[in-house]
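Since the structure is predicted, the reported quantities are computational estimates derived from the model, not experimental observations. Along the sequence shown, residues carry numbers from 1. Just follow the structure's listing: the first ligand is 1, and inside any ligand the first atom is 1.
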Amino acid sequence: MPNVDNSTTAKTLADLGAGNLTEINLLFRVQRKDFDLDVSASCSDFSALENLRVKWIGRRSGVLAKITENWLKPAASELRPIVGQALNELKAHVESVLEERRRALEADFVARAGLGKEGLDLSLPGVIRPIGSHHLIRQVFQEIEDIFVSIGFSVVEGPEIETPYYNFEALNIPEFHPVRDDMDTFYLELPPLSDKNAAKTPLLLRTHTSPMQIRTMEKQKPPVRVIVPGKVYRRDNPDATHSFIFHQVEGLAVDTDITFCDFTGTIEYFVKQFFGSGVKTRFRPSYFPFTEPSVEFDVSCPFCGGSGTAAGGGSCSKCKGAAWIELFGAGMVDPAVYGFVNYDAKKVSGFAFGIGIDRLAMLKYGIDDIQVFFQNDVRFLRQFP
Ligand code: PHE
């Protein structure tokens with residue numbers, strides 16, 4: 001059976017026979033007294049205080065809510081202002097007493113716990129908020145940036161969505177050139193022809209950071225010394241050494257007197273800074289349409305000291321006994337490229353390189369599966385704080 005509330009606040013003023021100022025004020029005075037009695041009877045701790053708060057000013061069935069519902073709302077219009085004013089006074093009284101009690105209880109608690117004036121115990125251990133750390137790939141970017149910045153390169157970044165012109169043509173890779181097969185990539189769906197504002201050329205996710213060579217040279221005159229860290233995309237099937245997204249740092253140096261020696265010297269300096277001064281470098285002929293001559297840089301295996309044999313005998317598992325590990329592609333900028341950016345190929349020369357960061361990080365930190373970089377497994381990430 002539902003509870004029947006027989007208290008005065010469940011009835012209307014008409015039911016109670018209160019029809020004038022004196023009677024109404026009397027009713028409110030009784031309520032106020034009840035409240036004061038309640039407070040002095042039980043308000044010795046926080047939970048008693050909370051019970052009082054709910055009983056008196058609880059939104060749904062607190063005494064004041066009931067007075068509003070049953071006394072104020074149905075009151076005859078000439079009585080309503082009187083009821084309203086008395087109700088406001090009662091409410092102010094209840095709220096200020098409860099607040100006063102809350103402060104007193106708090107002060108009492110602080111004093112009993114010996115917490116001093118501010119309620120602060122400076123001898124308690126602090127709140128430890130674990131701060132995250134940079135992803136290993138980001139850390140390796142940083143290492144590489146530091147090395148190149150220290151020898152006069154600046155860091156620039158470019159768009160991951162490119163036009164075929166910057167990704168291919170201006171890098172001396174015309175349409176139907178077979179090297180495009182290696183860079184099969186993701187084209188973005190074209191907007192409908194009805195969209196007059198849409199770009200006319202198709203767009204693609206860049207397959208390398210090399211488009212930034214062009215964008216940089218378009219913007220500035222020689223001398224140019226930049227590196228370009230960033231994400232690149234290719235339609236590769238994921239396995240331990242392939243991923244459809246990976247990271248590169250492009251490098252480009254162009255000036256009036258840059259020689260092949262400057263080129264190999266710079267690369268050698270970088271590799272020794274990155275892997276340690278004990279490693280050796282070598283280059284082998286290679287091919288890229290935008291460099292001539294093109295090379296592939298190798299480093300002597302940092303794990304077996306370039307011997308090809310493991311410490312305990314047998315062949316080194318990292319370089320598979322080869323003593324060398326292939327690092328990245330590079331070369332002297334092909335004069336044809338200068339034609340696309342209005343540089344005078346007779347006056348300037350330079351070199352470019354494209355370092356695969358994931359591969360470098362795997363080598364340096366002994367990681368055997370590229371996929372771990374993208375899986376966000378904290379057990380992996382925590383190993384590189
Ligand atoms: N862009 C080439 C690649 O992704 C690497 C490269 C960059 C080679 C610069 C030469 C010069 O394979």
| request: Report the residues that fulfil side chain to side chain donor-acceptor pair (under 3.5 Å) with Lys221, sequence neighbours left out, ordered by chain and then residue number. | output: none
| said: If we count only N and O atoms by modelled type, under 3.5 Å, do the side chains of Asn376 and His135 hold a donor and an acceptor together? | reply: no
| request: List in chain and number order the residues that pass ring-ring contact (aromatic ring centres under 6.0 Å, His included) with Phe244, two or more places apart in sequence or in another chain; answer none if no residue qualifies. | output: none
| message | Is a donor from one side chain sitting under 3.5 angstrom from an acceptor on the other, for Asn25 and Thr22? | response | no
| message | Among residues at least two apart in sequence or on other chains, which ones pass salt bridge (charged side-chain N to carboxylate O under 4.0 Å, His left out) with Arg102? | response | Glu99, Glu106
| message | Between Glu50 and Lys55 (salt bridge meaning N to carboxylate O under 4.0 Å), is one present in this structure? | response | no
| query | ligand 1: which residues have a non-hydrogen atom closer than 4.0 Å? | reply | His208, Ser210, Gln213, Arg234, Gln248, Glu250, Phe288, Phe290, Thr291, Gly329, Ala330, Ala352, Phe353, Gly354
